[in-house]
Trainee: 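Below is a structure I'd like to ask you about.
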Amino acid sequence: MWVSLRRGPHVSQELSVSSVYCIGLNYADHAAEMKSQRPDEPVVFLKPAASLVAGGGTVAHPVISTDMHHEVELVVLVGQDAPLLTLANAHEAILGYGIGLDMTLRDRQQQAKAKGQPWAVAKGFAQSAPVSAFIPAEQMPDPGALGLQLLVNGQPRQQGHAGQMLFSVPELLVYLSSIFSLRRGDLIFTGTPAGVGPVKRGDQLQARLLHGETPLLQLDVEIV
Ligand code: MG
């Protein structure tokens, strides 16, 4: 699967994605709504790269679930093969920022949690990872000001900003690089703020990446 980095109004660079890392429970308000403890280290799971819906489009509601939820997330595009990053150099590994949806089969996830089983089905099903194009990191002088917003059928559902994360983007990069082989083109879904909820067929989702109050990117998804 490929994602697009917007170098300019008419110039895009395509990057091949190998791994899609996702962080759970990275906002205190979402951890609270899930009745989960604040994690003392990042909660990591993966989605298949083939589950990406790059640039938005349609997401088919899986028949195995009656409770698919939206989770809007800031997504980081990794720009280099990155062994053992430190807080001092982690920013050098960030190529771009985008907005994505970690679509989640909440009923399947709760069943898996109850049985101590993995989340692969609940989180990694086909089309579970719609993601926007990416804005180059060098055009983002203050990543801490990045915000995210989700509307469903025009109604605001989720709102948050990078400054609310329990583990910052550099901290996540350091952590992931200490365990996994981060590669150029990998994506990191950095967790969702409060307000997650169910979607149904026919719903129109608009996810926005903001800088302060300024919209930078929009991702449009229809549930079918
Ligand atoms: Mg999530």
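All ligand and atom numbering here is 1-based and tracks the order in the structure.
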Trainee: Could you note down all residue pairs passing side-chain hydrogen bond (donor to acceptor under 3.5 Å, both in side chains) where residues 84-93 supplies at least one of them, sequence neighbours left out?
Mentor: T86-N89
Trainee: Between E71 and R157, does any NZ, NE, NH1 or NH2 come within less than 4.0 Å of an OD or OE carboxylate oxygen?
Mentor: no
Trainee: Dump the intermediate steps for ring-ring contact (aromatic ring centres under 6.0 Å, His included) on Y21 and F180, then the final yes or no.
Mentor: CA-CA 10 Å; Y21 300 96; F180 299 100; 4.9 Å; yes
Trainee: Can D81 and R183 be counted as an ion pair, charged N to O under 4.0 angstrom?
Mentor: yes
Trainee: Taking V78's backbone N and O only, do any of them form a donor-acceptor pair with D186's side chain (distance below 3.5 Å, no angle check)?
Mentor: no
Trainee: Please determine whether a side-chain nitrogen of the Lys or Arg among K47 and D102 lies less than 4.0 Å from a carboxylate oxygen of the Asp or Glu.
Mentor: yes
Trainee: Using a strict cut-off of 2.8 Å, how many protein N/O/S atoms surround the Mg ion (ligand 1)?
Mentor: 3
